[in-house]
Protein chains: 2
Amino acid sequence: MKIGDLAKRTHTRVETIRFYEKEGLLPAPGRSGGNYRIYEQAHLNRLSFIRRSRDLGFTLDQVRKLMKLADDRDAPCAEVNAITAANIAEIDRKLADLGALRAELVRRLECCEGPTIADCRIIEALAPDTREGKQRPE
Amino acid sequence: MKIGDLAKRTHTRVETIRFYEKEGLLPAPGRSGGNYRIYEQAHLNRLSFIRRSRDLGFTLDQVRKLMKLADDRDAPCAEVNAITAANIAEIDRKLADLGALRAELVRRLECCEGPTIADCRIIEALAPDTREGKQRPE
DNA sequence: TATGCACCCTGAAGCCACTATAGGGTCAAG
DNA sequence: CTTGACCCTATAGTGGCTTCAGGGTGCATA
Ligand SMILES: [Zn+2]
Ligand SMILES: [Zn+2]
Ligand SMILES: [Zn+2]
Ligand SMILES: [Zn+2]
């Protein structure tokens, strides 16, 4: 299997596959006469694992850990659960942040009294006070 | 006002202020005898604007646009609204993605049948099929 | 045989928004 | 006169890729 085939089958860009190899996530495959990378099923399995993990929001470092754990079937899965729980917590933080952000943006969008910047509540909310004559514009 | 004072007043790191200057977001201030940057009120205003915008999730490029608009009080604020709306849409996308992600992670965490990797449903869900004998491990 | 075209190779740089590090200089207090 | 807090520049690093420059390979077609 050449790199392009592997790319198609895993919905990964060719460059990303080479990047994973350089990063030590995907073992370097054999080469053809023309120096093309030739992949086996095992590579496809590894790469699928990486992509599924990435899709679930794990970092490459976490993926490295998960793969090491996955390779040792006798290892306890407490560590896997810890990594997963950490990601859920991280997602919760992001959800809260984004929710608050969204609310504030919507509020500002609703308050725009336009039609020109002079009356725009969005800009007004962003800008610090410059209308009380306390300072001159530079 | 020296850079450290400005940093404190705007809750910005000193390095970030220098970075904004290099990026053309904050005009280069005058210098003291000892070559220290000396800031005026106008700089503080600008920097506040930048930080508030960043806190609301605008990119530096969007901040550039917003500042240009903010400087022209006769400009229509449709563009400001468009930038804001685009950010809300972007946030909505992220919220949906993160929500789905979270659900899937929780589902997997709940399904872990441990105590070892051999029975771990999280790893199982990540790994491609390797148990049907269709291929050998590399 | 030549030519085109899709695919492959390497190495380096670019993206975002900073952050960190190295290696110095300035200034006021003790 | 030394200490320590602050400041300066220039460069590299972060994550997770993407893009680019400058080639080589392999197969089909004119
Ligand atoms: Zn209102
Ligand atoms: Zn407006
Ligand atoms: Zn279950
Ligand atoms: Zn488990």
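Residue numbering restarts at 1 for every chain, and letters A, B, ... go by the order of the sequence lines. None of these values were measured; they are calculated from a predicted model.
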J.: Using only side-chain N and O atoms of B:R37, determine if any of them is under 4.0 Å from OP1 or OP2 of D:dC7.
T.: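 It does not, given that no N or O in the side chain of B:R37 lies less than 4.0 Å from OP1 or OP2 of D:dC7.
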J.: Please state whether the base of D:dG16 and the side chain of A:Y20 form at least one donor-acceptor pair under 3.5 Å?
T.: no
J.: Starting at atom CZ of A:R54, determine the distance to atom P of D:dG15, rounded to an integer number of angstrom.
T.: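 My rounded result for the distance is 11 Å.
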J.: Quick one: are A:L105 and A:L109 in side-chain contact, heavy atoms under 4.5 Å?
T.: no
J.: Would you say A:I83 and A:K65 make side-chain contact, with heavy atoms under 4.5 Å?
T.: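 Side chain of A:I83 against side chain of A:K65, heavy atoms only: contact under 4.5 Å found.
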J.: Report whether A:Y36 and A:Y39 are members of the same hydrophobic cluster (ILVMFWY, side-chain heavy atoms less than 4.5 Å apart, transitive linking).
T.: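 In one cluster with A:Y36: A:Y39, no.
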J.: Please state how far atom CZ in A:F19 lies from atom P in C:dA12, giving the value in whole angstrom units.
T.: 16 Å
J.: Figure out the NZ/P separation between B:K2 and D:dC7, and round it to whole Å.
T.: 6 Å
J.: Using whole Å, report how far CG of A:D61 lies from P of D:dG13.
T.: 17 Å
J.: Please determine if a side-chain N or O atom of B:T16 lies less than 4.0 Å away from the OP1 or OP2 oxygen of C:dT19.
T.: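 Yes, within the criterion.
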J.: Please confirm whether the shortest side-chain N or O distance from A:R18 to OP1 or OP2 of C:dC9 is below 4.0 Å.
T.: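 Yes.
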J.: Quick check: does any side chain N or O of B:R54 sit under 3.5 Å from a backbone N or O of B:F58, one acting as donor and the other as acceptor?
T.: yes
J.: Which whole-number value in Å describes the distance from B:L26 CG to C:dC18 C1'?
T.: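 Rounded to the whole Å, the gap is 15 Å.
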J.: What does A:S32 touch in the nucleic acid at a heavy-atom separation under 4.0 angstrom: a base, only the sugar-phosphate, or nothing?
T.: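 Touches nothing.
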J.: Please tell me which of B:Y36 and B:R51 maps to the more 5' nucleotide of DNA chain C, matching each residue to the nucleotide holding its nearest heavy atom.
T.: B:R51
J.: Without decimals, in angstroms, what is the distance between A:E15 CD and C:dC15 C1'?
T.: 15 Å
J.: Of the nucleotides D:dT19, C:dC8, C:dC7, which has the atom closest to the A:K8 side chain?
T.: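 So the nucleotide nearest the side chain must be C:dC7.
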J.: How long is the line joining CZ of A:R13 and P of C:dC8, in whole Å?
T.: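 Taking CZ of A:R13 and P of C:dC8, I get 14 Å after rounding.
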J.: Could you state the atom-to-atom distance from NE2 of A:H11 to P of D:dC17 in whole Å?
T.: 16 Å
J.: Between A:C77 and B:C112, is there a side-chain heavy-atom distance shorter than 4.5 Å?
T.: yes
